[in-house]
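Scroll down for the structure; my scribbles are underneath it.
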Amino acid sequence: MHTPFSTLSHLECSRTGARHDADTVAGLSDAGAPLLARYDLDRARELMTRAEVAGRPPDLWRYHEVLPVRDPARVVTLGEGMTPLLPLPRAGARLGLPRLLMKDEGLVPTGAFKARGAAVGVSRAAELGVRAIAMPTNGNAGAAWACYAARAGLGALIAMPVDAPEITRRECVVSGAELYLVDGLIGDAGRLVADAVARRNERGAGYQDTSTLKEPYRVEGKKTMGYEIVEQLGGRAPDVILYPTGGGVGIIAIHKALQELVELGRLAGPMPRLVAVQAEGCAPIVDAFAAGLRSSEPPADPRTVAFGITVPKALGDFLVLDAVHDTGGTAVAVSDAELLAAEHALARDEGAWICPEGAACVAAAGRLRESGWLNGSESVVVLNTGSGLLYPDTVAAAPPVLAADGHIP
Ligand SMILES: *Cc1c(COP(=O)(O)O)cnc(C)c1O
């Protein structure tokens, strides 16, 4: 019998469970909610044995049976995935968490974990006949989708707030995307993009709106972080995973990965407790969790240096809150001062210059240890979602300048 590259079976509405076809270009479900990809996991269990997966190349496509691309020839890759899971012994000792680990996504193409969602999302879009992608972004996602669109030969229309990290503009421009800066927030950019896509598609332009959770496959790319963590820990999950939560795709995706791994018989024992980390300047998920609600309200004046998590209203907020509740996790906000201090301290302790969003997780781990939510015996994984190199302005550098014939003391 023919061995499928993907065991994708259908798409499922995340609110109602209604089935939708997986082999046409899909947006939101009929109920207006995100669609989640479902697989024939019985078949996948036979095909992706632990030994089989272990022998494959070290990128995220090693989990191709549970990814949506059907034809291996349609895989668009720049070598993303299988990032290091680093022990943080000095930082862990300082924070009272001797079993602290960091999944370091600063090493993927484009320097942020958005490359995972882009690789899988762009591959599948191209396979389904999309000719151009269009999206609003806080910077990193647009940069990644622009690069992967170029790699796939697709067009890219990107709109980002003027305040988004400058480097991400350049990433879009250098890879040939059509880029607009918007004097507003990501939600404003989203409205402008949706309108342009509708008008262009009336003329048959073949655009897909690939906004966060408005297409089903970005989640699939990001879920490979969960598969990798379990594989790297020898088939076990850590006790706790902290994730910097903006649109929430990553935490929803890691939760989905863990559920699939249980169904695949690859993960025994309790699920790790998932912690949604936000910045105090924009913490709608943390506020909703504290109030016992299952949906969030946008804060009045959202702002934080951790720009990737400045998302006032996430389409998938209820899925993030489900992930936190279902796993016995929690939601924590830290201040910009705390996360910047954590960014500097981690570089001094461990030589790793991480992004402010990742640093928020390190700061939150310290907070949870102080409050006693963590007792210090747990294995704790913090997600560093990107490289500090994308955020040069978060570090001041003013070394002495010497004359060419000067003197170093
Ligand atoms: C996008 C982004 C996040 C938030 O990711 P979500 O999965 O959308 O919650 C965190 N960190 C960085 C660096 C990002 O670019």
Side-chain angles (χ1 to χ4, degrees), residues 34 83 102-118 120-121 135-147 158 160-161 163-165 167-168 171-172 186-187 189-190 210-215 217-226 241-257 274-279 282-286 296 302 304-317 319-321 323-324 331 334 339 343 353-364 382-391 394:
T83 53
M102 175 171 74
K103 180 75 170 156
D104 192 3
E105 296 288 302
L107 281 87
V108 295
T110 73
F113 80 118
K114 293 293 193 308
R116 292 182 188 263
V120 173
M135 65 199 295
T137 174
N138 273 338
N140 289 330
W145 283 72
C147 290
I158 311 285
M160 64 174 70
D163 294 332
I167 185 71
T168 61
E171 289 181 278
C172 292
I186 188 169
T210 55
S211 299
T212 303
L213 291 169
K214 282 193 185 163
E215 63 76 53
Y217 300 121
R218 196 198 293 209
V219 173
E220 297 307 292
K222 289 190 177 184
K223 88 180 173 188
T224 55
M225 291 187 289
I241 300 176
L242 290 94
Y243 184 82
T245 305
V249 181
I251 191 167
I252 294 166
I254 290 173
H255 186 222
K256 184 173 189 283
L274 298 181
V275 180
V277 176
Q278 298 197 300
C282 184
I285 298 289
V286 176
S296 64
T304 161
V305 292
F307 206 76
I309 53 177
T310 317
V311 180
K313 175 66 184 174
L315 185 60
D317 55 358
L319 296 171
V320 175
L321 289 158
V324 170
V334 298
L339 66 88
E343 179 183 328
W353 186 8
I354 65 176
C355 65
E357 296 84 353
C361 291
V362 177
V382 290
L383 248 303
N384 173 43
T385 40
S387 168
L389 297 175
L390 298 172
Y391 300 81
T394 58

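Computed from a predicted structure; not experimentally measured. Read the numbers this way: they start at 1 and go in the same order the structure lists the ligands and their atoms. When a residue number appears, it is its place in the shown sequence, counting from 1.
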**Message:** I need the contact type for Ile309 against ligand 1. Using non-hydrogen atoms and a strict under-4.0 Å cut-off, is it side chain, backbone, both or neither?
**Reply:** side chain
**Asked** What heavy-atom pair brings Met135 and Ala141 nearest, and what distance separates the two atoms?
**Response** CE-CB, 4.0 Å
**Message:** Under 3.5 Å between any N/O of Cys355 and any N/O of ligand 1: does that happen in this structure?
**Reply:** no
**Item:** Given Val286, Leu339, Val362, the one that forms side chain to side chain contact (heavy atoms under 4.5 Å, CB included) with Val334
**Value:** Leu339
**Asked** In ligand 1, which numbered atoms sit nearer than 4.0 Å to a non-hydrogen atom of Asn140?
**Response** 13 (C), 14 (C), 15 (O)
**Asked** Purely on distance, is any nitrogen or oxygen of Val249 under 3.5 Å from one on ligand 1?
**Response** yes
**Prompt:** Looking only at heavy atoms, what is the nearest atom pair of Ala115 and Thr110, with distance?
**Reply:** CB-OG1, 3.9 Å
**Message:** Donor-acceptor check, side chain of Thr137 to backbone of Gly142, threshold 3.5 angstrom: yes or no?
**Reply:** yes
**Item:** Phe307 touching ligand 1 at heavy-atom level, < 4.0 angstrom
**Value:** no
**Message:** Give me the nearest non-hydrogen protein atom to atom 12 (C) of ligand 1 as residue plus atom name, then the distance to 0.1 Å.
**Reply:** Thr385 OG1, 3.3 Å
**Asked** Quick one: which of Glu357, Lys114, Lys222 has a heavy atom closest to atom 14 (C) of ligand 1?
**Response** Lys114
**Item:** Carboxylate-amine/guanidinium proximity below 4.0 Å for Lys256 and Glu220
**Value:** yes
**Request:** For Thr83 and Glu105, test the side chains for any donor-to-acceptor distance below 3.5 angstrom and give the result as yes or no.
**Result:** yes
**Prompt:** Got Trp353 and Thr394 here, is their nearest side-chain heavy-atom distance under 4.5 Å?
**Reply:** yes
**Item:** Nearest non-hydrogen partners of Val249 and Lys222, listed with the distance
**Value:** CG1-CD, 3.4 Å
**Message:** Here's a test for you: under side chain to side chain contact (heavy atoms under 4.5 Å, CB included), which of Met102, Met225, Glu357 qualifies with Leu383?
**Reply:** Met225
**Request:** Give the residue and atom name of whichever protein heavy atom lies nearest to atom 8 (O) of ligand 1, and the separation in Å to one decimal.
**Result:** Gly247 N, 3.3 Å
**Request:** Number the atoms of ligand 1 from 1 as they appear, then name those within less than 4.0 Å of a heavy atom of Tyr243, with their elements.
**Result:** 5 (O), 6 (P), 7 (O), 9 (O)
**Prompt:** Below 3.5 angstrom, do we get any N/O pair linking Gly308 and ligand 1?
**Reply:** no
**Message:** Within ligand 1, which atoms have a heavy atom of Thr245 less than 4.0 Å away?
**Reply:** 9 (O)
**Asked** Taking atom 4 (C) of ligand 1 as the point of reference, which of Ala112, Ala143, Pro244, Gly142 owns the nearest heavy atom?
**Response** Pro244
**Prompt:** So, is Ile251 polar-close to ligand 1, with some N/O to N/O distance under 3.5 Å?
**Reply:** no
**Request:** Report yes or no: does a heavy atom of Gly248 sit under 4.0 Å from some atom of ligand 1?
**Result:** yes
